[in-house]
Amino acid sequence: MNYWLFKTEPSTYGVDDLARDKVTAWSGVRNYQARNFMRDAMRKGDRGFLYHSSCDEPGIAGIVKVSRAAYPDESQFDRKSRYYDPAATPDAPRWFNVDVTFVKKTRPLGIAALRSQKALAKMQILQRGNRLSITPVTHAEWKCILGLLV
DNA sequence: GCCAACGTTGGC
DNA sequence: GCCAACGTTGGC
């Protein structure tokens with residue numbers, strides 16, 4: 001089983017939205033590296049943190065699980081969507097998404113608290129200039145953060 | 001609002 | 001294929 005971090009802006013779709021929906025297609029990812037993580041490396045049953053960015057309290061806000069492996073992202077075919085991609089066709093989809101299921105809302109664990117942990121020094125989300133919306137989390141990082149949430 | 005960092009675009 | 005310009009991201 002692998003661990004991941006899903007970054008999202010709570011003003012668009014945050015942990016409370018997922019708690020309400022229970023499951024959602026993690027669509028709209030338009031970055032090749034992040035797509036490749038979903039398409040090539042994510043498996044059903046993987047776990048992840050939900051991370052809130054571009055908000056008052058950036059940090060970890062919830063725990064999720066991957067409930068369906070990658071499949072073509074419907075929004076790439078939708079002309080009305082901001083994620084529409086004219087170069088994508090159903091026969092040759094360019095973008096993929098997994099389904100993410102709500103596990104639980106955590107107490108907010110802010111970026112400063114994360115930075116204060118030596119064990120998390122190399123965590124991708126904390127690196128300078130990081131912009132990837134999906135990043136792998138190591139088992140050690142996962143355990144460290146779970147410990148902080150107890 | 002600022003600024004650093006990064007990905008994408010497009011001219012050549 | 002190079003690289004400058006541009007747009008976006010995201011913490012502060």
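Heavy-atom basis, side chains included; hydrogens, waters and symmetry copies ignored. The chains referred to below are lettered A, B, ... by the order of the sequence lines, with proteins before strands, and numbering in each begins at 1.
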Among residues 114-129 of chain A, which residues get a heavy atom nearer than 4.0 Å to DNA chain B?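 Nucleic-acid contacts, sorted: A:Arg128, A:Gly129.
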Taking only Lys NZ, Arg NE, NH1 and NH2, and the carboxylate oxygens of Asp or Glu, determine whether A:Lys44 and A:Asp99 approach each other closer than 4.0 Å.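 Judged by the 4.0 Å cut-off on N to carboxylate O distance, A:Lys44 and A:Asp99 do not form a salt bridge.
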With a 4.0 Å cut-off, would you call A:Arg43 and A:Asp46 a salt bridge?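 No.
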Would you mind building the protein contact string for nucleotides 4-10 of chain C? One character per nucleotide, 5' to 3', B for base within reach (heavy atoms under 4.0 Å), S for sugar-phosphate only, - for untouched. ---BBSS
Tell me if the centroids of the rings in A:Trp95 and A:Tyr71 come within less than 6.0 Å of each other.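 A:Trp95 vs A:Tyr71: aromatic centres not under 6.0 Å.
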State the OG-CH2 distance between A:Ser67 and A:Trp26, to the nearest 0.5 angstrom.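 A:Ser67 OG to A:Trp26 CH2: 11.5 Å, rounded to 0.5 Å.
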About how many Å separate CG of A:Leu50 and NZ of A:Lys105, when rounded to the nearest 0.5 Å?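 Going from NZ on A:Lys105 over to CG on A:Leu50, the span is 11.0 Å.
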Check against side chain to side chain contact (heavy atoms under 4.5 Å, CB included), A:Val137 and A:Trp4: CA-CA 5 Å; A:Val137 171; A:Trp4 305 96; 5.5 Å; no
Compute whether any side-chain donor of one residue and acceptor of the other, for A:Thr89 and A:Asp91, lie under 3.5 angstrom apart.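 Distance-only check fails for A:Thr89 and A:Asp91.
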